[in-house]
Amino acid sequence: MANIYLIGDSLTHDYNYNCYPQCGMGEIIRHYAKDDVKVLNYAHYGLSTKGFLAQGRFEPIRNALMKNDLLIIILGTNDEVIDNPLKYTSKDKEYLENIDVFCSEAINKGAIPIVVSSPCKRAFINGIIQNVHNGYPEALISHAVKKGYMYVDLHTLSMELYQQLGEDKTKEFHLIYKKNEYSRYPDGVNDNTHYNYLGAKSITELLLNDLKQNFKDYNLYFEY
């Protein structure tokens, strides 16, 4: 049976018990994969498309991809970090060129690439969720449409969900805890980017619901 390969950053990374209560989308995707489908998560915190390629992290995927495998690509947040030359890519050139490397290799192997725009951050002003990703999600989705890649606009889907739930309710998705609430955060934490289990589950389910509607072979890979 086909495998699912994940390319991503800290939002998709697999976290061990030492990192509790932090959770990544890769862990949730694994829960919903069919029993005969193996999920291989190559996501790693801090990575952009440039870092993923420069560190050789795509090579084992490139070598292993086979016909009908899925390659799910959720990168973009760290590509925006303009003051870090090891991460930064221009949204209208290098970022999209790197996405093409991933997708073209998958297609050449008979695998199916799925590009996913970065989910929104929990950034509200006067009760309105803000788009703080500097045009990268929009550039990615426009490029995917142009190139004919399968895609999920998780950025738009997550913004809609956050606006629906509101500023207070969405705190429950993130690493927002009081002092000594968790031993990992003795001084408390106010992280509006990264997820706990509820957040990772909720955002991943947005992704899977969209795939379920738009990917005709969805039921070969997932049970959700």
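For reference, positions follow the sequence shown, starting with 1. Note that the structure is a prediction, hence the values are computed from the model and not measured.
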Applying side chain to side chain contact (heavy atoms under 4.5 Å, CB included) to Ile176 and Val189, what does each step give before you reach the verdict?
CA-CA 5 Å; Ile176 301 175; Val189 62; 5.9 Å; no
Report the C-alpha separation of Ile61 and Leu71 in whole Å, then their side-chain angles, then the decisive distance to 0.1 Å, and conclude whether the side chain to side chain contact (heavy atoms under 4.5 Å, CB included) test is met.
CA-CA 9 Å; Ile61 302 175; Leu71 176 65; 4.0 Å; yes
In sequence, state the C-alpha distance, the side-chain angles, and the governing distance for Phe102 and Val115, and then conclude on side chain to side chain contact (heavy atoms under 4.5 Å, CB included).
CA-CA 9 Å; Phe102 303 136; Val115 297; over 6 Å; no
Show your reasoning for whether side chain to side chain contact (heavy atoms under 4.5 Å, CB included) applies to Lys38 and Ile4.
CA-CA 6 Å; Lys38 189 174 183 179; Ile4 299 172; over 6 Å; no
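By the criterion of side-chain heavy atoms lying less than 4.5 angstrom apart, applied directly or through intervening Ile, Leu, Val, Met, Phe, Trp or Tyr residues, Leu40 is grouped together with Phe58 in one hydrophobic cluster. The same ILVMFWY cluster, assembled from side-chain heavy atoms under 4.5 Å apart, contains both Tyr136 and Phe52. Residue Leu47 is grouped with residue Tyr42 when hydrophobic side chains (ILVMFWY) are merged at heavy-atom distances under 4.5 angstrom, including chains of intermediate members. Hydrophobic clustering, with ILVMFWY side chains joined whenever heavy atoms are under 4.5 angstrom apart, keeps Val152 apart from Ile73. In the hydrophobic cluster analysis, where Ile, Leu, Val, Met, Phe, Trp and Tyr join through side-chain heavy atoms closer than 4.5 angstrom, Leu198 is grouped together with Leu154.
Environment of NZ in Lys178: sparse, with no more than 12 heavy atoms of neighbouring residues, nucleotides or ligands closer than 6.0 Å. For Tyr151, the OH atom is loosely surrounded, since the number of other residues' heavy atoms within 6.0 Å does not exceed 12.
Here Glu59 contributes atom CD and Leu53 contributes atom CG; the two are 8.5 Å apart, rounded to the nearest 0.5 Å. Separation of atoms OH (Tyr88) and CD1 (Ile82) is listed at 4.5 Å; rounding is to 0.5 Å. The line from SG of Cys23 to CG of Leu11 is 11.0 Å long, rounded to the nearest 0.5 Å. Going from atom OG1 of Thr12 over to atom CD1 of Ile203 covers 11.5 Å, rounded to the nearest 0.5 Å. The distance from the CG atom of Leu207 to the OG atom of Ser202 is 13.0 Å, given to the nearest 0.5 Å. Distance check: Tyr45 OH to Asn78 CG gives 12.5 Å after rounding to the nearest 0.5 Å.
With contacts defined as side-chain heavy-atom distances shorter than 4.5 Å, the pair Val81/Asp83 qualifies. Side-chain contact between Thr49 and Glu97 is absent, with no heavy-atom pair separated by less than 4.5 Å. No side-chain heavy atom of Asn131 sits under 4.5 Å from any side-chain heavy atom of Cys120. By the 4.5 Å heavy-atom criterion applied to side chains, Thr193 and Arg122 are not counted as neighbours. Contact check for Asn3 versus Val37: no side-chain heavy atoms found under the 4.5 Å cut-off. Within the 4.5 Å cutoff, side-chain heavy atoms of Thr89 are placed close to those of Asn98. Looking at heavy atoms from C-beta onward, Ile72 lies in side-chain contact with Val116 at the 4.5 angstrom threshold. A heavy-atom distance below 4.5 Å is not found between the side chains of Lys179 and Pro186.
Asp79 and Lys50 make their closest contact through OD2-N, 4.1 Å (heavy atoms, listed as atom of the first residue, atom of the second, distance). Considering all non-hydrogen atoms of both residues, Leu140 and Leu96 come closest at CA-CD2, 4.1 Å. Considering all non-hydrogen atoms of both residues, His174 and Asn192 come closest at CE1-O, 3.2 Å. Across every non-hydrogen atom of Leu6 and Gly26, the tightest pair is CD1-CA, 3.7 Å. Of all the heavy atoms in Tyr177 and Pro21, the pair that sits closest is CE1-CG, 3.5 Å. Nearest heavy atom pair, residue Ser118 against residue Leu75, reads OG-C, 4.0 Å.
In terms of modelled atom types and a separation under 3.5 Å, the side chain of Asp210 and the main chain of Leu206 share no donor-acceptor contact. When atom types are taken as modelled, the side chain of Asn196 and the backbone of Gly199 share a donor-acceptor pair closer than 3.5 angstrom. Put simply, the side chain of Asp69 gets close to the backbone of Met66: a donor and an acceptor are under 3.5 Å apart. Remark: side-chain polar atoms of Arg184 are paired, donor with acceptor, to backbone N or O of Cys19 under 3.5 angstrom. Counting only distance, with no hydrogens or angles, the side chain of Ser158 and the backbone of Pro119 share no donor-acceptor pair below 3.5 Å. Distance alone, capped at 3.5 Å, places no donor-acceptor pair between the Gln163 side chain and the Gln130 backbone. Within the 3.5 Å criterion, the main-chain N or O of Glu138 finds no donor-acceptor partner in the side chain of Ser142.
A salt bridge links Arg62 to Glu105: at least one charged side-chain nitrogen sits closer than 4.0 Å to a carboxylate oxygen.
For Glu181, there are no salt bridge (charged side-chain N to carboxylate O under 4.0 Å, His left out) partners two or more places apart in sequence or in a different chain. With sequence neighbours excluded, the residues forming a ring-ring contact (aromatic ring centres under 6.0 Å, His included) with Tyr218 are Phe222, listed by chain and number.
Aromatic ring centres of Phe173 and Tyr195: separated by at least 6.0 Å. Side-chain rings of Tyr221 and Phe215 approach one another, their centers coming within less than 6.0 Å. Ring-centre distance between His13 and Tyr15: below the 6.0 Å cut-off. Two rings, from His133 and His155, have their centers less than 6.0 Å apart.
Ring-plane geometry between Tyr149 and His143 is classed as perpendicular, the angle between the planes exceeding 60 degrees on a 0 to 90 degree scale with a lower cut at 30.
When only modelled atom types and interatomic distance are considered, Tyr197 and Glu27 share no side-chain donor-acceptor pair under 3.5 Å.
Under the side chain to side chain contact (heavy atoms under 4.5 Å, CB included) test applied with Tyr162, the options Thr170, Ile128, Leu157 reduce to a single match, Thr170.
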